[in-house]
Novice: 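Before I ask anything, let me first share the structure, which is written out below as C-alpha cells.
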Amino acid sequence: MQVQVNGDGLELPTEATIADLIEHMALTGKRLAVEVNEDIVPRSQHPDFRLSEGDRVEVVHAIGGG
Amino acid sequence: MSEQPTIQLPEDKPLELAGRVYQSRLLVGTGKYRDLMETGHAIEASGAEIVTVAVRRTNLGQNPDEPNLLDVISPDTYTILPNTAGCFTAKDAVRTCKLARELLDGHDLVKLEVLGEEKTLYPNMTETLVAAEELIKDGFKVMVYCSDDPLLAKRLEDMGCIAIMPLGAPIGSGLGIQNRYNIRLIVENANVPVLVDAGVGTASDATIAMELGCDGVLMNTAIAQARDPIKMARAMRLGVEAGREAYLAGRMPKKLYASASSPIDGTFF
C-alpha cells in the first residue's frame, strides 16, 4: 500500500504498523512523535496502530531552534 | 585561612514558571550553531536552565547514528521548551505543540509563536490569540511570543498564558530593545513573568531588558552567531545578572546637570 510519510510517497506492506514504519526508517528507539492524518498517535500505540492506504504520516523530532 | 566577608546582595525571588523554580533568568535557543558540540558548550556557559528546541520532520534516509539534539541537551538536565517557530497559522502552531508534547512524554510547557510574514517574522497576533486559547484549553502551559503592545500582552495574560514574551526587535536582527517604553509598560501591568524574546544583539541589550524589570531574556542568534559563541554565552549570563541586580538596586535619578562627586569644601587651592 501507498502512504505519505513526511510529504513523500512510501510503499509499505499491507497492514504495516507505525512500529514497522519506524523500523523501516531505521529510527527504532529514537525520541520522536508520530501523527497520522493530523492526529497524534501515542508512542504506546505504535506497535498496534495499523496504517491504511493513503494515510498521511508525520514523523518528527527535536532539532535546534530558538 | 580567614573567611572572606560576604557582600549582602538585595534579596531576589527566583524565576518561577509552571510551578518550577529557576536560578537562571537567561533562556537560550539551540539553533544556528556550527554543530551539536558547540551547542552543548555554549548552553552550559550560558548557565541557562530552560532551552528551546524546534520540532521538524525526521529526514528519510538520514544517518541513524547521528546524535540527536536531545542526547546533548538532555531533558533530564534542562527544561526543554519546544517552540512553534515556522508556524504561520494557529492550526499549525497547535499541531506542533501536540507533537512536541508527545515527543517529550507529556511535557506541556510550550513557546507559542505564530509568525505573520517572512521579512520581519513579526508575530501574527490574531492567530496567536486563537492558538493560545486552544492550547490553554487543552492543558498546555503557554509562554507566548508577542508584539510589544501592552494591551495585547495583558489580554494574553488574562487568557491564561503563563509568561508574556514580547519582542525587543525582530527575531535574529540583533537590533536591541527598540521600544523600552512599551516593554516597561508591559512589565508594570503584568502579574506573570515577562521575558524579552528576540532582538538581543549583545550583552548590554540583555542588561537593558533586565534593568527594565523583565523577569528574563530569551535569545538564540546573539549567542550562536557571535564570533565566539561560548564566550558570548558567558557574557550574556553576566549581562542578565548585572541587569537584574541593577533593577533590584534601583538606579539613581537622572539629572540634567552635573552634581559633584567629591566634596566642594576643604579644597586647599
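Labels below follow one simple rule: chain letters A, B, ... track the order of the sequence lines, proteins then strands, and each chain is numbered from 1.
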Novice: Check for a donor-acceptor pair, side chain of B:S173 on one end and backbone N or O of B:G199 on the other, with a separation under 3.5 Å.
Specialist: no
Novice: Measure the shortest side-chain to side-chain distance between B:F88 and B:N124 over non-hydrogen atoms and say whether it is less than 4.5 angstrom.
Specialist: no
Novice: Any carboxylate oxygen within less than 4.0 angstrom of a Lys/Arg side-chain nitrogen, looking at B:D71 and A:R31?
Specialist: no
Novice: Checking B:T202 against B:D205 for the side chain to side chain donor-acceptor pair (under 3.5 Å) test, could you report, in this order, the C-alpha distance in whole Å, the side-chain angles of both residues, the deciding distance, and whether it holds?
Specialist: CA-CA 6 Å; B:T202 188; B:D205 297 331; 5.9 Å; no
Novice: For the interface with chain A, which of B:E102, B:E113, B:R101 has the highest count of heavy-atom pairs at distances below 4.5 Å?
Specialist: B:E102
Novice: Answer with side chain, backbone, both or neither: which region of B:L99 has an atom nearer than 4.5 Å to a non-hydrogen atom of chain A?
Specialist: both
Novice: If you count heavy-atom pairs within less than 4.5 Å of chain A, which of B:G31, B:A100, B:G29 leads?
Specialist: B:G31
Novice: Heavy-atom distance under 4.5 Å between the side chains of B:I162 and B:L109, does that happen here?
Specialist: yes
Novice: If we define contacts as heavy-atom pairs under 4.5 Å, which of A:T28, A:I40, A:V34 has the most with chain B?
Specialist: A:I40
Novice: Quick check on the interface: out of B:L70, B:I171, B:T96, who has the most heavy-atom pairs with chain A under 4.5 Å?
Specialist: B:L70
Novice: May I ask you to name which of B:T52, B:L103, B:L69 has the most heavy-atom pairs under 4.5 Å with chain A?
Specialist: B:L103
Novice: How far apart are the C-alpha atoms of B:V144 and B:I164, what are their side-chain angles, what is the distance that settles it, and do they pass the side chain to side chain contact (heavy atoms under 4.5 Å, CB included) test?
Specialist: CA-CA 5 Å; B:V144 60; B:I164 308 300; 4.0 Å; yes
Novice: Measuring heavy-atom distances to chain A, does B:I73 have an atom under 4.5 Å in its side chain, in its backbone, in both, or in neither?
Specialist: neither
Novice: At a heavy-atom separation under 4.5 Å, does B:K111 approach chain A through its side chain, its backbone, both, or neither?
Specialist: side chain
